[in-house]
Each structure stands twice: as structure tokens, then as C-alpha cells.
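Predicted model only: the values in this text are computed from it and were never measured.
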Amino acid sequence: MNRILCLSLFLFSLNVVGAVTTLTPFTIININELYENSITNVFFSPSSLKLEVSDDGSKFNDSESMLNIETNIPKVVYDIPYSISFTEISSKCIDLFDNEYILDNEFLGITVDSQSIGENYSVTFSDFNSDDGIYKSSNHRVALSFMPFSEIGASHEIKSCSGKIATEIGVEI
């Protein structure tokens, strides 16, 4: 009888040791506290452009604006690469009879510091090109060039055009 009792206690011990416990870790990351230094402001100067029609009336004259980037990254930090991309480039024109023409990206050509760029493509820079005495900043010449109105496919003379550009600035970390 003693042998049977010892055997049953041994089996019971194995069952207790074989218990499984699951631990689920939980983490909260505040992105605002993860990166102390970042881009603080992005703006175009001038912020809106009034386009002039060429003397022969065939297209808009080329135009330009400055893209200004301000950061709270100390100027003593070197080699901070960043990229500029345009996530949306849209244009539409209306003719004299109020017919609307939605134009593809080829109506507007964009260059950033003489580097051609299109929708969803980016231009990368190895570091910011200026500072305000304390923090890094950058200024980039953005040039806009337009295709002739004759390539829009309008059946009548163009009365007006409007467009929108959405910009995204990304800092590599």
C-alpha cells in the first residue's frame, strides 16, 4: 500500500509543476516625447501665387515660391538628412462655357532647388542649409512651370485655373 501512495503523490506533483502562465506586456509610447528635436514649422513664402498669363496667351508664366522649414534641432548637430515630397498635385481649369477640366500631374512641373520632382516622389537633402543662430532651418526655391493651354484638351478658351499642392517633409532618424 505504501508504494501506491508514493506513486500517486509523484503524479500529483508533476501536474502542479506543469502549469502554464501567460504574461502580456503592455507599453505606452508618447511620440511627442520620443523625439525631442523635430520640424516645428513649414511654410511657403509667398503662401499663395497669382499666376500671370504669357504675352501670347498660350500658358501661365513660370512662378516660384520659397519653401521654409524651421526646426528645434540645435545648429551644432550635423548630418540630419531630410526629404521633401509632394503628396498631392492637383489642377483644374474652367473654359468660357464653364466646362471643367481636371488635369493630370503633367500640367504642372515642379522643381526644388533645380531638382525635378513629381507627385509621390521625393528630393533628399543631407542636412539643413541654414540656421537662426540657435536652431537648424532650410530654405528651398520651388519653381513651377506650366504646360500650354492647348494641351489641356479644352474646346474653348480657358477662363480660369486653380490648383493645390500638398507637401510632406520627413526627417531621417
Side-chain angles (χ1 to χ4, degrees), residues 20-55 58-94 100-149 151-152 158 160-173:
V20 176
T21 304
T22 302
L23 174 66
T24 306
F26 182 73
T27 305
I28 297 175
I29 298 174
N30 184 342
I31 297 293
N32 295 327
E33 293 178 12
L34 186 61
Y35 307 109
E36 290 181 12
N37 304 320
S38 62
I39 293 173
T40 57
N41 195 15
V42 176
F43 61 96
F44 284 95
S45 180
S47 59
S48 76
L49 300 171
K50 182 173 174 145
L51 301 176
E52 309 250 338
V53 177
S54 64
D55 291 338
S58 65
K59 66 182 216 103
F60 289 118
N61 288 330
D62 293 352
S63 186
E64 67 179 53
S65 183
M66 290 300 290
L67 175 61
N68 303 290
I69 304 168
E70 297 174 347
T71 76
N72 62 1
I73 301 170
K75 73 176 190 173
V76 296
V77 178
Y78 295 100
D79 299 325
I80 305 292
Y82 66 97
S83 62
I84 299 172
S85 61
F86 294 98
T87 56
E88 180 183 356
I89 301 171
S90 61
S91 307
K92 71 176 179 179
C93 291
I94 299 173
E100 187 174 281
Y101 301 90
I102 306 297
L103 307 171
D104 61 16
N105 299 336
E106 293 169 13
F107 177 69
L108 173 63
I110 301 175
T111 61
V112 176
D113 292 341
S114 301
Q115 297 181 59
S116 185
I117 186 171
E119 187 173 26
N120 297 318
Y121 290 95
S122 62
V123 176
T124 302
F125 298 90
S126 60
D127 202 354
F128 291 86
N129 63 19
S130 188
D131 65 72
D132 66 2
I134 300 172
Y135 301 116
K136 288 182 170 286
S137 61
S138 274
N139 304 299
H140 299 281
R141 183 179 156 270
V142 177
L144 310 174
S145 58
F146 302 88
M147 78 161 119
F149 298 131
E151 295 182 31
I152 292 175
I158 297 298
S160 67
C161 291
S162 62
K164 177 172 121 179
I165 299 172
T167 307
E168 183 176 281
I169 312 296
V171 175
E172 294 183 28
I173 55 170

(message) Taking the side chain as everything from C-beta on, heavy atoms only, tell me whether Phe125 gets closer than 4.5 Å to Val112.
(response) yes
(request) Check whether more than 12 heavy atoms from other residues, nucleotides or ligands sit under 6.0 Å from atom CD of Glu52, and answer yes or no. (result) no
(message) A side-chain contact here means heavy atoms from C-beta on lying under 4.5 Å apart; do His140 and Ile69 qualify?
(response) yes
(message) Would you say that Asn61 contacts Val53 through its side chain, given a criterion of any heavy-atom pair below 4.5 Å between the two side chains?
(response) no
(message) Checking Leu67 against Asn139 for the side chain to side chain contact (heavy atoms under 4.5 Å, CB included) test, could you report, in this order, the C-alpha distance in whole Å, the side-chain angles of both residues, the deciding distance, and whether it holds?
(response) CA-CA 6 Å; Leu67 175 61; Asn139 304 299; over 6 Å; no
(request) To the nearest 0.5 angstrom, please state how far the CG atom of Asn72 sits from the CD1 atom of Ile39. (result) 10.0 Å
(request) Using a 4.5 Å cut-off on heavy atoms from C-beta on, say whether the side chain of Ile94 contacts that of Ile158. (result) no
(request) Kindly indicate whether the side chain of Cys161, heavy atoms from C-beta on, has any atom under 4.5 Å from the side chain of Lys92. (result) no
(message) Please check: side-chain N/O of Thr87 versus main-chain N/O of Glu168, any donor-acceptor pairing under 3.5 Å?
(response) no
(message) Using a 3.5 Å distance criterion without hydrogens, assess whether the side chain of Thr40 forms a donor-acceptor pair with backbone atoms of Glu70.
(response) yes
(message) Rounded at 0.5 Å granularity, tell me how far OG in Ser90 sits from CG in Leu108.
(response) 9.5 Å
(request) Might you point out which heavy atoms bring Leu51 and Ser63 nearest each other, and give the distance in Å? (result) CD2-CB, 3.8 Å
(request) Sort out for me which residue in Thr71, Asp131, Asp127 forms a side-chain hydrogen bond (donor to acceptor under 3.5 Å, both in side chains) with Lys136. (result) Asp127
(message) Within the structure provided, determine whether Cys93 and Phe107 are in side-chain contact (heavy-atom separation under 4.5 Å).
(response) yes
(request) Measure the spacing between NZ of Lys164 and CD of Glu88 and express it to the nearest 0.5 Å. (result) 4.0 Å
(request) Could you tell me the separation between the CD1 atom of Ile117 and the OG1 atom of Thr167, rounded to the nearest 0.5 Å? (result) 8.5 Å
(request) Evaluate the side chain to side chain donor-acceptor pair (under 3.5 Å) criterion for residues Ser138 and Tyr82: first the C-alpha distance (whole Å), next the side-chain angles of each, then the deciding distance (0.1 Å), finally the verdict. (result) CA-CA 10 Å; Ser138 274; Tyr82 66 97; 2.7 Å; yes
(message) Strictly distance-based, threshold 3.5 Å: is any side-chain N or O of Ser54 a donor or acceptor partner for the main-chain N or O of Lys59?
(response) yes
(request) Determine whether the aromatic ring centres of Phe128 and Tyr135 lie less than 6.0 Å apart. (result) no
(message) Looking at every non-hydrogen atom in both residues, tell me the closest pair between Asp132 and Ser137 and how far apart they are.
(response) N-OG, 4.3 Å
(request) Flag the pair Glu100 / Ile102 as yes when at least one side-chain heavy-atom distance between them is below 4.5 Å, and no otherwise. (result) yes
(message) Looking at Ser65 and Ser45, would you say the former's side chain and the latter's main chain have a donor-acceptor pair under 3.5 Å?
(response) yes
(message) Counting C-beta onward and ignoring hydrogens, is there a side-chain heavy-atom pair between Phe149 and Phe60 closer than 4.5 Å?
(response) yes
(message) Tell me if a side-chain donor or acceptor on Asn68 pairs with a main-chain N or O of Val42 at a distance below 3.5 Å.
(response) no
(message) If you count heavy atoms of other groups shown closer than 6.0 angstrom to CZ of Phe43, is the number above 12?
(response) yes
(request) Taking all heavy atoms of Thr124 and all of Ser83, pick out the closest pair and write down the distance. (result) OG1-CB, 3.9 Å
(request) Evaluate side chain to side chain contact (heavy atoms under 4.5 Å, CB included) for Val142 paired with Ile110, printing each intermediate quantity in order. (result) CA-CA 7 Å; Val142 177; Ile110 301 175; 3.9 Å; yes
(request) To the nearest 0.5 angstrom, please state how far the CD1 atom of Ile73 sits from the CD1 atom of Ile134. (result) 14.5 Å
